[in-house]
Amino acid sequence: MTTPSTPEASPPAPVLPRHFIHDEIDADLAAGKNEGRVQTRFPPEPNGYLHIGHAKSICLNFGLAQRYGGKCNLRFDDTNPTKEEQEYVDSIQEDVRWLGFTWDRLTYASDFFEELYHFAEHLITNGKAYICDLSGDEVSEYRGSLDKPGRESPFRHRTPAESLDLFRRMRAGEFKDGARTLRAKIDMSSPNPNLRDPVLYRILHAHHHRTRERWCIYPMYDFAHGQCDALESITHSICTLEFEIHRPLYNWFLENLPVKAHPRQIEFARLNLSYTVLSKRKLLELVRDKHVSGWDDPRMPTLSGIRRRGYTPESLRAFCDGIGVARNNGTIDRAVLENSIREDLNKRALRAMAVLDPLKITIENFPEGQIEWIEAVNNPEDPAAGTRKIPFTRTLWIEREDFKEDPPKKYFRLSPGKEVRLRYAWCITCKEVKKDASGNVTELVCTYDPATLHGATTDGRKVKGIIHWVSAEHAFEAPVRLYDHLFSSEHPDDVPEGVDWKSGLNPGSLVVAPHPKLEPSLQHAEGGQHFQFERVGYFFVDPKDSRTGAPVFHRTTTLRDAWARIEKRAEG
RNA sequence: UACCCCGUGGUGUAACGGUAGCACAAGAGGUUCUGGUCCUCUUAGUCAAGGUUCGAAUCCUUGCGGGGUAACCA
């Protein structure tokens with residue numbers, strides 16, 4: 001007999017939090033716009049690797065499409081051939097797929113170069129754009145400044161016929177880079193500098209990663225973006241706050257061009273994360289100047305770096321859904337990200353024992369040569385993960401920080417004469433401390449209580465501390481890379497005038513454990529697997545550097561550590 | 001100095017003129033063979049001053065604070 005499922009019994013579907021963009025879309029839908037369609041796009045420029053800030057945008061754009069039963073395109077905004085590369089195009093697609101999203105159409109702004117060119121001729125013909133012969137410096141001088149209106153270009157009143165001829169000759173390659181531009185004729189005294197006759201096309205004799213040498217004039221972002229949106233029938237063009245001031249121009253083009261659709265631009269605040277930088281320029285600099293091993297260095301906030309660090313797409317999506325979407329500029333605490341991966345990995349990561357900073361102990365009343373195979377749970381959160389056997393022998397490794405000769409108050413771990421439980425095994429008591437000539441502890445001699453393998457002590461004495469261990473005879477060593485914040489300061493972008501932002505780099509962001517001792521089952525760990533090293537942290541088997549039988553571990557994040565907090569508080 | 005946007009606990013985000021809620025962080029306790037997980041509880045907020053209203057985080061005005069904008073970048 002099965003219990004009939006009642007509505008109460010089935011867990012409610014997770015409701016993603018609403019935000020202001022939903023309000024806007026709902027209003028558009030209610031007003032009957034776009035035939036009830038919702039279509040978005042994620043429009044990266046292929047000039048760098050995607051980072052976690054892009055993840056927010058990806059989750060937003062694809063998430064909106066999912067929520068409203070619409071579609072989301074992936075569009076490469078490739079209008080500047082001097083900065084864009086195929087390598088970036090490839091990595092971006094990989095990252096979006098990895099995050100778990102499937103685009104409807106894969107497009108490139110360059111797919112629309114011919115249409116954009118004709119749009120430009122249309123503006124010229126209608127007297128709304130002209131060819132300007134001013135140099136770059138002159139253009140910016142004529143533009144005025146934030147508080148001073150601009151002056152009209154002397155070429156502003158060229159006839160449409162003359163401009164059209166010049167524009168065609170620009171395309172034909174008759175002029176050198178920078179010799180002329182196509183400019184919109186809008187308003188040189190507008191308080192919005194974007195409307196002061198913005199440049200639409202510039203001459204660039206450059207190789208483009210897709211169109212090769214086909215073009216020597218390229219549209220500017222403003223002239224390309226909205227029109228591409230319209231050509232793709234995008235309904236809602238979501239972008240970050242710094243484009244807000246471009247919106248009047250975005251709309252001006254759509255109003256003055258023969259486009260069928262009129263998408264709407266909506267801006268939101270980009271993600272900022274503490275203890276890292278999130279600008280492509282700075283990330284590129286870190287890569288180029290070798291402060292990190294590459295775009296996929298596990299300390300990088302890039303999606304490829306975060307992936308190699310051991311973050312899961314599920315945890316990233318949960319993070320992005322949880323932080324909200326608004327128009328306030330703010331910085332998310334790194335701890336929120338860490339919380340999202342801990343929450344995910346706690347449920348799925350297999351447990352194992354690994355001693356990162358080993359200290360040798362000898363159980364003097366445990367027979368030499370004897371091996372006891374002890375059963376250990378693979379994941380207490382998931383019974384289906386089963387159990388495994390771990391070898392216990394007379395000589396073991398324990399964590400050096402799990403022993404203190406002079407234990408502070410509330411220290412539950414090993415110290416002379418004190419008893420602790422070895423996880424899954426027996427309770428031991430420290431009988432003797434061996435040291436080298438300079439006073440460093442080299443070995444502990446302990447005894448074990450054979451009656452304590454399962455359950456408590458027989459005489460009722462309490463053993464509060466539990467520590468992890470590895471059989472010295474069976475342990476193996478493997479590279480274990482311990483990562484920390486890339487920057488020591490919480491807001492690495494906030495540096496005083498004249499100070500290099502890179503001076504905030506954390507010198508301890510990567511520490512390789514010198515002689516970690518791992519339990520034997522870990523030898524067969526495969527690239528891409530997640531583990532929790534009990535009492536230590538979550539670790540990821542690096543798919544890039546690991547080989548069969550020779551895994552390389554990356555610390556994704558530490559476990560929450562109540563003792564560390566107590567210690568820290570005691571210090572100061 | 002011009003224009004635009006934004007101000008809700010420490011951080012981020014809800015509340016759509018009607019009980020200021022959630023998450024993270026912080027703190028206290030409980031459970032636990034991970035000082036993990038889990039559970040309970042606590043601290044803590046509407047930038048300020050006026051105005052409209054029976055009633056304002058929400059609408060208006062002013063002030064203050066933060067951010068954006070002057071590439072032939074996106």
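Being a predicted model, the structure only gives us computed values, none of them experimental. Throughout, protein chains are lettered first and strands after them, A, B, ... in sequence-line order, and every chain is numbered starting at 1.
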Next item on the list: Could you tell me whether Gly322(A) contacts a base, only the sugar-phosphate backbone, or nothing, with contacts defined as non-hydrogen atoms closer than 4.0 Å?
Entry: nothing

Next item on the list: With syn defined as a glycosidic angle within 90° of 0 and anti as everything else, classify A71(B).
Entry: syn

Next item on the list: Kindly compute the distance separating OG1 (Thr331(A)) from CG (Leu273(A)), expressed to the nearest 0.5 Å.
Entry: 8.5 Å

Margin query: What's Ile323(A) touching, base or sugar-phosphate or nothing? Going by heavy atoms closer than 4.0 Å.
Written below: sugar-phosphate

Next item on the list: Would you indicate what Arg413(A) reaches in the nucleic acid, counting non-hydrogen atoms under 4.0 angstrom: base, sugar-phosphate, or nothing?
Entry: base

Checklist line | Parallel, tilted or perpendicular: ring planes of Phe533(A) versus Phe539(A), cut at 30 and 60 degrees | finding: parallel

Next item on the list: Identify the 5'-most and 3'-most nucleotides of RNA chain B with at least one atom closer than 4.0 Å to a non-hydrogen atom of chain A.
Entry: U1(B) to A74(B)

Note to self: Taking the C1' atom in each of U52(B) and U1(B), what is the distance between them to the nearest angstrom?
What the structure shows: 34 Å

Check: Mind checking the P distance from C6(B) to U13(B)? Whole angstroms is fine.
Finding: 13 Å

Next item on the list: Classify the nucleic acid contact of Val463(A) as base, sugar-phosphate or nothing, counting any heavy atom under 4.0 Å across all strands shown.
Entry: nothing

Next item on the list: With heavy atoms under 4.0 Å as the rule, sort Pro380(A) into base, sugar-phosphate or nothing.
Entry: base

Next item on the list: Test Arg423(A) against every option in Glu519(A), Glu375(A), Glu534(A), Glu399(A) by the salt bridge (Lys or Arg N to Asp or Glu O under 4.0 Å) rule and name the one that passes.
Entry: Glu534(A)

Notebook entry, point to check: Under 3.5 Å, is there a donor-acceptor pair between the Asp147(A) and Ser145(A) side chains?
Noted result: yes

Next item on the list: For nucleotides A15(B) and G21(B), find the distance between their P atoms and express it as a whole number of Å.
Entry: 14 Å

Check: Would you say the side-chain atoms of Glu87(A) and Tyr49(A) include a donor-acceptor pair closer than 3.5 Å?
Finding: yes

Note to self: Tell me the closest heavy-atom pair linking Tyr130(A) and Phe155(A), and the distance in Å.
What the structure shows: CD1-O, 3.4 Å

Notebook entry, point to check: Is the Phe392(A) ring parallel, tilted or perpendicular to the Trp426(A) ring (thresholds 30°, 60°)?
Noted result: perpendicular

Note to self: Need one value for Ile332(A): base, sugar-phosphate or nothing, where a base atom within 4.0 Å counts as base even if backbone is also close, heavy atoms only.
What the structure shows: sugar-phosphate

Check: Residues two or more places apart in sequence or in another chain: which of them pass ring pair (Phe, Tyr, Trp, His ring centres under 6.0 Å) with His468(A)?
Finding: none

Notebook entry, point to check: Between C16(B) and A70(B), how far is it from one P atom to the other, in whole Å?
Noted result: 37 Å

Check: With Asp187(A), which residues qualify under salt bridge (charged side-chain N to carboxylate O under 4.0 Å, His left out), at least two apart?
Finding: none

Note to self: Measuring only the P atom in each nucleotide, how far is A56(B) from G50(B)? A whole number of Å is fine.
What the structure shows: 13 Å

Checklist line | Whole-angstrom distance between U40(B) and U31(B), as gauged at atom C1' | finding: 11 Å

Item checked: Whole-angstrom distance between G45(B) and A20(B), as gauged at atom P -> 14 Å

Margin query: Under 3.5 Å, is there a donor on one side chain and an acceptor on the other for Asn339(A) and Arg560(A)?
Written below: yes

Item checked: Sorted by number, the residues of residues 419-430 of chain A with heavy-atom contact under 4.0 Å to RNA chain B -> Arg421(A), Arg423(A), Tyr424(A), Ala425(A)

Next item on the list: Would you indicate what Leu204(A) reaches in the nucleic acid, counting non-hydrogen atoms under 4.0 angstrom: base, sugar-phosphate, or nothing?
Entry: nothing

Next item on the list: Using the side chain to side chain contact (heavy atoms under 4.5 Å, CB included) rule, pick out the option among Val420(A), Val463(A), Leu422(A) that qualifies with Cys427(A).
Entry: Val463(A)

Item checked: Stems formed with participation of RNA chain B [Watson-Crick or G-U wobble, under 3.5 Å, three or more pairs] -> B:2-7 with B:64-69, B:10-13 with B:21-24, B:26-30 with B:38-42, B:47-51 with B:59-63

Check: With sugar-phosphate meaning primed atoms plus P, OP1 and OP2, does Tyr218(A) contact a base, only sugar-phosphate, or nothing at under 4.0 Å between heavy atoms?
Finding: nothing

Next item on the list: Check every strand shown and say whether Asp23(A) touches a base, only sugar-phosphate, or nothing at a heavy-atom separation below 4.0 Å.
Entry: base

Next item on the list: Would you indicate what Asn192(A) reaches in the nucleic acid, counting non-hydrogen atoms under 4.0 angstrom: base, sugar-phosphate, or nothing?
Entry: nothing

Next item on the list: Mind checking Arg143(A) for me? I need base, sugar-phosphate or nothing, with any heavy atom below 4.0 Å counting as a touch.
Entry: sugar-phosphate

Margin query: Using a 4.0 Å heavy-atom cut-off, does Glu267(A) contact any base of the nucleic acid, only the sugar-phosphate backbone, or nothing at all?
Written below: nothing

Note to self: Can you list everything that forms a side-chain contact (heavy atoms from CB on, under 4.5 Å) with Arg143(A)? Sequence neighbours excluded, please.
What the structure shows: Val139(A), Ser140(A), Arg196(A)

Next item on the list: For C22(B) and A44(B), measure between their C1' atoms and round to the nearest Å.
Entry: 15 Å

Notebook entry, point to check: In Å and rounded to the nearest 0.5 Å, what is the OG1 to NE2 distance from Thr312(A) to His530(A)?
Noted result: 6.0 Å

